S.K.: 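Here it is, the structure in full.
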Amino acid sequence: MFTSINPATGQSGQTFEPLDEEGVEAAIKRAAMAFRSWRVSPIDTRIELLHGIADRFEGDKQHLAETAVREMGKTLASAVAEVEKCAAGFRYYAEHGPAFLAPVEVATSSGRATAQWQPLGPILAIMPWNFPYWQVVRWLAPTILAGNVGLLKHASLTQGCAALIQQMVQAAGAPDGLFQNLPIKSDKVARIIGDKRVAAVTLTGSEGAGAQVAQAAGKALKKVVLELGGSDPFIVMPSADLDAAVKTAVKARVQNAGQSCICAKRMIVHTDVYDAFLDQFTRAMAAVKIGDPMVDGVELGPLSSVEQRDTVLEQLERAQADGATLIGGEKIERDGAWMTAGVLTGVDPDADFAQEEIFGPVAMVFRAEGIDAAIDLANNVPFGLGSSVWSQDQAEIERFVRDIDAGMIAVNQMLASTPEAPFGGVKRSGHGRELGPWGLHEFMNLKAVMLA
Ligand code: NDP
């Protein structure tokens, strides 16, 4: 049984019956059947369905958002914003997707050719709890538009959200088998990846899960997209608007209780403004409003689970044992998965914990003597997902854009995903891209058609 546990109270909520082997087999069969007709469905049918699902998300916004809050603890305001973003994601692919599917003319030495985008088949998505709707939608919307069909293995923590997504898609009139939520544990995943009726797999989550899924996909010679962790740098140079940088750094670090792959996790500050930044930042982190995530104005609720909170506390213990200084970042003694926001200084950048992703509301702050040192520090982790740089100097900005090892860089702003721009990383943050035309094309067959 899956049981939702409210991380704000520690109390159990809804339970969900897991799917057994026969259920998984039936789902794959249905997916394969659905693909036969969906792959040749008129584009207008797909567009209509995408708009229909967007309407459902908008219509049931409050219910969807409250379910996410109860299952993984994000603030209600951010959950509502997430649901609205999902609706926008479906509409983006409905409105812009058809143009991305247009055949491309190719001039060859022997005549004319075109390259045509065709669907691949049933795609398995393994998704995490941190943005329980948006992570799914940024795969599901292009899946539907492409003419593929979807199988979802959602995180154990957010089975209620997973069931609601299924309801929204069905209520919008999706054909049977087009999208199926599979309430299964991760030990069932390798068998699904290996099934010849499943065409490809995508995962958002930890490095460990990514490596296992990539291994199964490699064994079956299947395409895999991986969106894994990050330890994003947030670089502040002397010319930056310091007040804006501090305000954004706090927001970027505590959003989603610090549990976002593109949260700013390492603040790298030029020595000329280091003391001023640290002073303001530490005070602002201490002033973050902690409380019931359902209440308006609360900035930091509980973490997603007691296990997740304890993982972060254990990392902080190791940091202190290694000589780092921690301000805040303490367990709050009450039922649920609570802790305060915190700041770590005096961190050895090569220490084990400094090479890990801290998936909670605690920032490391580093001093950089100059731009070279800032870039070296930024790149001194195994990850390469996002980054944010703060400077008014065009030459510095160009250096950062050129030299930071990351899939994404935000200049004088917080990094956030948007339906139009590519999303993904390099190094151990994974490979492949989601969103925009790139996310749509990841799971399509670009067929070369040679014409006489
Ligand atoms: P996981 O990577 O374990 O979970 C993400 C998804 O993968 C879940 O659906 C999970 O299922 C599934 N999964 C886990 N192990 C396997 C496996 N061996 N084979 C197939 N599927 C698997 O993340 P956690 O929730 O445990 O969080 C741990 C850490 O992962 C965090 O501290 C953070 O560092 C990172 N993370 C990164 C995210 C990101 O957005 N990049 C999102 C979430 C986590 P189940 O829930 O049933 O285990």
Side-chain angles (χ1 to χ4, degrees), residues 1-5 7 16 18-19 71-74 82 124-136 138-139 151-162 165 181-194 198 201-219 224-232 255-263 265 303-316 337 353 355-362 381-386 407-408 415-417 423-425 427-432 434:
M1 269 307 204
F2 291 99
T3 304
S4 299
I5 297 182
F16 302 89
L19 212 56
E71 290 198 316
M72 52 69 65
K74 66 171 50 192
E82 181 179 338
L124 172 67
I126 302 148
M127 291 294 161
W129 39 262
N130 60 345
F131 292 88
Y133 300 117
W134 175 240
Q135 304 276 25
V136 174
R138 65 189 189 189
W139 151 78
L151 293 164
L152 171 68
K153 183 264 176 280
H154 213 323
S156 296
L157 291 187
T158 46
Q159 288 297 313
C161 297
I165 299 170
N181 169 42
L182 311 179
I184 51 169
K185 292 279 180 194
S186 54
D187 60 1
K188 296 248 183 350
V189 166
R191 170 254 188 274
I192 301 175
I193 296 172
V198 173
V201 55
T202 182
L203 173 134
T204 299
S206 62
E207 287 172 87
Q212 296 219 5
V213 164
Q215 203 173 8
K219 204 168 153 207
V224 59
V225 166
L226 297 175
E227 202 278 274
L228 309 178
S231 187
D232 286 7
Q255 61 157 331
N256 222 39
Q259 304 160 120
S260 159
C261 45
I262 54 165
C263 268
K265 293 173 184 130
L303 273 69
S304 59
S305 67
V306 169
E307 292 71 28
Q308 185 60 37
R309 191 269 316 272
D310 290 348
T311 300
V312 175
L313 293 178
E314 183 273 327
Q315 285 173 303
L316 298 179
F353 76 91
Q355 295 286 309
E356 297 166 7
E357 176 176 37
I358 298 185
F359 224 51
V362 178
V381 286
F383 303 103
L385 193 56
M408 297 164 282
L415 181 64
S417 65
F423 188 96
K427 295 161 73 179
R428 290 182 73 86
S429 292
H431 50 242
E434 296 186 287

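Order of listing sets the numbers, starting from 1, for every ligand and every atom in it. We number each residue from 1, following the sequence as shown. None of these values were measured; they are calculated from a predicted model.
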S.K.: For S429 and G384, indicate whether the former's side chain and the latter's backbone hold a donor-acceptor pair under 3.5 Å.
M.R.: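 Side chain of S429 to backbone of G384: a pair is present.
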
S.K.: Measuring from atom CD of E314 to atom CD of E307, what distance do you get when rounded to the nearest 0.5 angstrom?
M.R.: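 Those atoms lie 14.0 Å apart.
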
S.K.: Ion pair present between R138 and E227, side-chain N to carboxylate O less than 4.0 angstrom?
M.R.: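 Salt bridge flag = yes for E227 with R138.
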
S.K.: Please enumerate all residues that pass ring-ring contact (aromatic ring centres under 6.0 Å, His included) together with W129, with sequence neighbours excluded.
M.R.: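 Only F359 meet the ring-ring contact (aromatic ring centres under 6.0 Å, His included) criterion with W129.
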
S.K.: May I ask you to decide if I126's main-chain N or O and H154's side chain share a donor-acceptor pair within less than 3.5 Å?
M.R.: no

S.K.: Can you tell me which residues line ligand 1 if we count any heavy atom under 4.0 angstrom from one of its atoms, in chain and number order?
M.R.: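 The answer is I126, M127, P128, W129, N130, Q135, K153, H154, A155, S156, S186, V189, L203, T204, G205, S206, A209, Q212, V213, E227, L228, G229, C261, Q308, E357, F359, counting any residue whose heavy atom sits under 4.0 Å from ligand 1.
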
S.K.: Roughly how far, to the nearest 0.5 Å, is OG of S260 from CG of L385?
M.R.: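 It comes to 8.5 Å.
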
